[in-house]
Amino acid sequence: MGVGSTRREPGEVRVHVDGRELSLSNLDKVLYPAAGFTKAQVVDYYARVGPWMLPHLAGRVVTMSRYPDGVDGPSFFEKRCPGHRPAWVATARVGDGEGYEGCLVADLPSLVWAANLAALELHTPQARADEPDRPTSVVFDLDPGPPAGVLECCRVALDLRALLEAVGLIAVVKTSGGKGLHVTVPLHTRTTAEETKAFARAAGQLLARREPDRVTVAMRRDARPGKVFVDWSQNDRHKTTVCAYSLRAGSRPAVSTPVSWDEVAGALRDGDPGVLVFEAPEVLERVGRLGDLAADALDEEQELPDLA
Ligand code: ATP
Ligand code: MN
C-alpha cells in the first residue's frame, strides 16, 4: 500500500501513503488506556483495514466521532469536514440551501488522515452523497435492553433473517462493536428512506407481535428492559450507523465487525457472547483469512416487497 515515513520534529511524523504526503502527530499517545492501545496502533489498524473498509465508505459523507485525548476524554461528533484538511480529501455538499461540506473518505490517505484526527469512529448514512434520497440498504439496529445482551440480539437477528428469507431477501450482519448487532439488507435499487423505514418498522412489528416478551419496536426506553429493540428509525435519511470495520470508542479497541450467520447461530447455541467481540488485531487477521463478510452489502441488488 506504500506507507513510508521519516521523523521530523518531536511528536510529528511525515508519512507517504499511496503517493500522498501527510503529517501524523502524537503517535505515542495512548487512546485506549485500558488496553494500552496507542494512536500509532489506531492509524496502523485503519491503514491495514482500509482495503476492506473503503468500499463501505465510498461515496458517503462520514460523521467522525473524535477523541483527541482518548476514549476516557471529551469527544465530539463532526459532520462538517474540517477546514484544515489537505486539498486531496474529497468532500460533498450535504443538505439543501445552506447545508455543509462533509468529508468523503475516498482513499487510503484520507482514511489515515481521519485516523490521525483521532476520529476513532466513522459513521455513515444509508445513502450516498450523490443520491441522498436513495438509501442503498435497509438497516435493522438491534439494541439489547439490559439484562438482555448480544445473545438475545442473535436470536432476533436469526428470526429476522428467516423472515427476510421468506420474502426472498438476503441480509448481512455485523456486530456494532458495542452492545448489539446491525442487520443490513442490500438494495441498490430505487427505494426511498420512507420506504426502507416503513419496511424495517413492519418487519420489526411482525417480530414483536410474534414474541412480545423478547422484541419491541417501541421508542420508549422503559419498554425495553430484557428485550431487543428493533430500531427501524435508523433508516431515516438524517441518521447514520457506524461503518463496518470502524473502531468503537469503548474501553478496548473493539470493532464493528461483519460476521457470518453461522457465527451468530454458533454464539447463540454455545451461549457465548464473547465470540462476537472482536478487537482490531483480530479483525485484521479475519479479513486476511475470510475476506469481507459484508461484501454483499456493497452491490447485491434487491427490491423491497410490500410488508405493510
Ligand atoms: P450498540 O450496539 O451499543 O447500540 P450502536 O452503534 O448501534 O451500538 P446506537 O446507540 O444504537 O449505537 O446508535 C446507532 C447509530 O446511530 C450509531 O452507530 C451512530 O452511527 C448513530 N448515533 C448514535 N448516537 C449518536 C449521536 N449522539 N450523534 C450522532 N450519531 C449517533
Ligand atoms: Mn444499536
Side-chain angles (χ1 to χ4, degrees), residues 53 56-57 60-67 71 74-81 94-95 100 102-103 105 114 119-128 135-157 160 171-185 193 196-197 200-201 203-204 207 215-221 223-259 264 267 273-279 283 294 297:
M53 185 178 189
H56 295 278
L57 291 165
R60 299 171 202 273
V61 287
V62 296
T63 298
M64 296 191 276
S65 192
R66 293 177 59 185
Y67 291 77
V71 296
S75 67
F76 54 101
F77 276 93
E78 197 162 49
K79 283 181 177 288
R80 270 170 216 280
C81 200
V94 180
Y100 64 91
C103 301
V105 180
L120 297 181
E121 301 185 346
L122 297 177
H123 304 265
T124 48
Q126 296 304 315
R128 297 200 181 101
T136 60
S137 53
V138 188
V139 63
F140 293 88
D141 172 22
L142 305 184
D143 288 337
V150 76
L151 293 180
E152 283 77 8
C153 290
C154 288
R155 211 190 126 106
V156 174
L160 174 59
V172 299
V173 57
K174 67 182 177 74
T175 68
S176 70
K179 299 189 188 74
L181 297 174
H182 298 150
V183 174
T184 297
V185 181
T196 55
K197 217 183 337 181
R201 183 180 195 170
L207 296 173
V215 184
T216 179
V217 287
M219 284 289 169
R220 295 191 335 268
R221 285 203 168 267
R224 297 182 207 170
K227 298 185 192 181
V228 174
F229 172 49
V230 179
D231 189 355
W232 47 272
S233 75
Q234 280 296 120
N235 293 286
D236 190 280
R237 54 173 292 182
H238 300 295
K239 293 210 176 175
T240 61
T241 304
V242 73
C243 189
Y245 302 110
S246 173
L247 286 166
R248 300 312 303 263
S251 59
R252 300 192 60 90
V255 171
S256 179
T257 309
V259 292
V264 173
V275 300
L276 293 178
V277 178
F278 303 99
E279 295 186 8
V283 171

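Numbering of ligands and ligand atoms starts at 1, following listing order. Not measured: the values here are computed from a predicted model.
- Checked by atom type and distance alone, the side chain of E121 pairs as donor or acceptor with a backbone atom of A249 at under 3.5 Å.
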**Message:** If you apply the rule side-chain contact (heavy atoms from CB on, under 4.5 Å), what do you find for H56 with T124, and how did you get there?
**Reply:** CA-CA 9 Å; H56 295 278; T124 48; over 6 Å; no
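- Geometrically, ligand 1 and G180 share a nitrogen or oxygen pair separated by less than 3.5 Å.
- Close approach to G178 involves these atoms of ligand 1, each under 4.0 Å from a residue heavy atom: 3 (O).
- For the atom pair CZ of R237 and NZ of K197, the computed distance is 10.5 Å after rounding to the nearest 0.5 Å.
- Between H123 and S246 the shortest side-chain heavy-atom distance does not fall below 4.5 Å.
- Residue, atom and distance of the protein heavy atom nearest to atom 7 (O) of ligand 1 are H182 NE2, 2.7 Å.
- The minimum heavy-atom distance linking T216 with A218 is given by the pair OG1-N, 3.0 Å.
- When the Mn ion (ligand 2) is compared with the N/O/S atoms of D141, atom OD1 turns out nearest.
- The heavy atom nearest to atom 12 (O) of ligand 1, considering only K179, R248, K239, is found in R248.
- Here the heavy atom of the protein found nearest to atom 1 (P) of ligand 1 is S176 OG, 3.4 Å.
- Protein heavy atom nearest atom 16 (O) of ligand 1, with residue, atom name and distance: T240 O, 3.2 Å.
- Looking only at protein heavy atoms, the nearest one to atom 24 (N) of ligand 1 is F77 CZ, 4.5 Å.
- The Mn ion (ligand 2) has an N, O or S atom of D143 under 2.8 Å away, backbone or side chain.
- Taking 4.5 Å as the limit, every side-chain heavy atom of Q126 sits out of range of all side-chain heavy atoms of V138.
- No donor-acceptor contact under 3.5 angstrom links the side chains of T184 and K174, judged on distance only.
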**Request:** Determine, stepwise, if the pair K179 / D143 fulfils salt bridge (Lys or Arg N to Asp or Glu O under 4.0 Å).
**Result:** CA-CA 7 Å; K179 299 189 188 74; D143 288 337; over 6 Å; no
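- Within 4.0 Å of atom 18 (O) of ligand 1, at least one protein heavy atom is present.
- Within a 4.0 Å radius of atom 4 (O) of ligand 1, the protein contributes one or more non-hydrogen atoms.
- At the shortest separation from atom 10 (O) of ligand 1 among protein heavy atoms lies D143 OD2, 5.0 Å.
- Of the possible polar contacts, none joining the R80 side chain to the Y100 backbone as a donor-acceptor pair under 3.5 Å is found.
- Closest to atom 9 (P) of ligand 1, if we only count protein heavy atoms, is D141 OD2, 4.1 Å.
- A heavy-atom distance below 4.5 Å is not found between the side chains of R155 and V228.
- Ligand-side atoms of ligand 1 in range of V242: 18 (O), 20 (O), range being under 4.0 angstrom from any heavy atom.
- Of the listed options K174, K79, H123, H123 places a heavy atom closest to atom 20 (O) of ligand 1.
- The T241 neighbourhood of ligand 1 comprises atoms 18 (O), 20 (O), with distances under 4.0 Å to a heavy atom of that residue.
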